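Atoms within each ligand, like the ligands themselves, are counted from 1 in listed order. Hydrogens, waters and symmetry mates are skipped; everything else that's a heavy atom, side chains included, is used. Just so it is clear, the model here is predicted, and its values are computed rather than measured.
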Amino acid sequence: MLNWFEHEGHICIVFELLGLSTFEFLRQNEFLPFSVEQIRHMAFQIFRAVSFLHRNQLTHTDLKPENILFVCSDYDLEYNTDMRCEAKKLRSLDVKVVDFGTATFDHQHHESLVSTRHYRAPEVILDLGWNQSCDVWSLGCVLMEFYLGRTLFATHSSVEHLAMMEKVLGPIPPHLLKQTGKQHYIHNERLNWDEQSSSNDYINKHCQPLKVRQSTDQNEDERQLFDLLGCMLEYDVCRRITLEEALWHPFFSPMRTKQKLRS
Ligand SMILES: *[C@@H]1O[C@H](CO)[C@@H](O)[C@H](O)[C@H]1NC(C)=O
């Protein structure tokens with residue numbers, strides 16, 4: 001915080017001026033995906049920032065591309081060989097995490113509904129209680145969005161959201177469905193979802209299973225990114241990777257070597 005003042009009854013906080021958000025940059029760049037190399041650089045910084053929060057008993061609860069800002073979003077125009085078009089290439093990938101308006105300490109009251117829908121973890125949707133792990137899920141969705149150039153779970157309904165998750169990640173473990181108080185989401189111990197509906201056709205068109213992506217011709221970097229994403233988009237919080245662990249994932253080996261060289 002650089003300063004603060006009151007304006008027409010509102011408290012205003014002055015921060016350093018940053019560049020565009022990662023979402024706004026994607027939008028202004030025709031939703032062209034970031035490269036795996038760019039994702040690695042951004043993810044490493046974001047994970048270190050958020051794992052610092054987690055070490056200090058805080059959960060951000062609203063991680064999304066709109067809340068990750070480039071320090072400076074100046075770019076050059078370059079020909080993109082994958083997409084065969086002119087594209088904006090950022091000069092620097094330095095990012096910062098913003099908007100601590102709903103950040104919650106472990107000892108504070110935990111609102112039952114947190115996060116912006118697309119980035120909301122399954123335990124939040126199912127009202128099973130949440131902690132730092134819900135940030136890990138949100139960041140999994142964010143990295144996927146950087147990779148695809150578009151939102152992974154684009155939906156406005158909770159049941160459809162869960163059905164999309166099943167399409168991408170496989171069935172939700174029955175013990176989680178058993179615990180939920182949201183009984184209208186469940187039918188015969190399974191998701192209350194009509195496989196014959198037009199919504200289901202929409203999902204089939206928009207959601208590709210992670211396993212299918214992994215089995216197609218991915219290079220080594222992509223394989224490691226998707227292995228990491230699989231550990232982050234884990235339904236069961238007891239089995240979901242922590243950010244501290246994620247920073248030691250092989251996907252980030254090139255970042256660790258660079259850091260050592262620099263120090
Ligand atoms: C979050 O909750 C899960 C399930 O209770 C637990 O396994 C995990 O250790 C918790 N994480 C943190 C950071 O407290």
For atom 13 (C) of ligand 1, what is the closest protein heavy atom, and at what distance to 0.1 Å? Gln132 OE1, 3.8 Å
Ignoring hydrogens and geometry, is there a side-chain-to-backbone donor-acceptor pair from Thr180 to Leu176 under 3.5 Å? no
Backbone N/O of Ser73 and side chain of Arg91: donor-acceptor pair under 3.5 Å: no
Please check whether Asn131 reaches ligand 1 - meaning an N/O of the residue sits under 3.5 Å from an N/O of the ligand, judged on distance alone. yes
Atom 11 (N) of ligand 1 protein-contacted, heavy-atom criterion under 4.0 angstrom: yes
Shared hydrophobic cluster, Val136 / Leu225 (ILVMFWY, side-chain heavy atoms < 4.5 Å): yes
I'd like to know if the side chain of Thr151 and the backbone of Ala154 have a donor-acceptor N/O pair within less than 3.5 Å. no
Please lay out, stage by stage, how Gln132 and Thr242 fare under the test side-chain contact (heavy atoms from CB on, under 4.5 Å). CA-CA 8 Å; Gln132 278 74 4; Thr242 66; over 6 Å; no
Closer than 4.0 Å and a protein heavy atom, does any atom meet both conditions relative to atom 2 (O) of ligand 1? yes
Nearest heavy atom to atom 4 (C) of ligand 1 wins, so pick from Leu128, Val237, Asp236. Val237
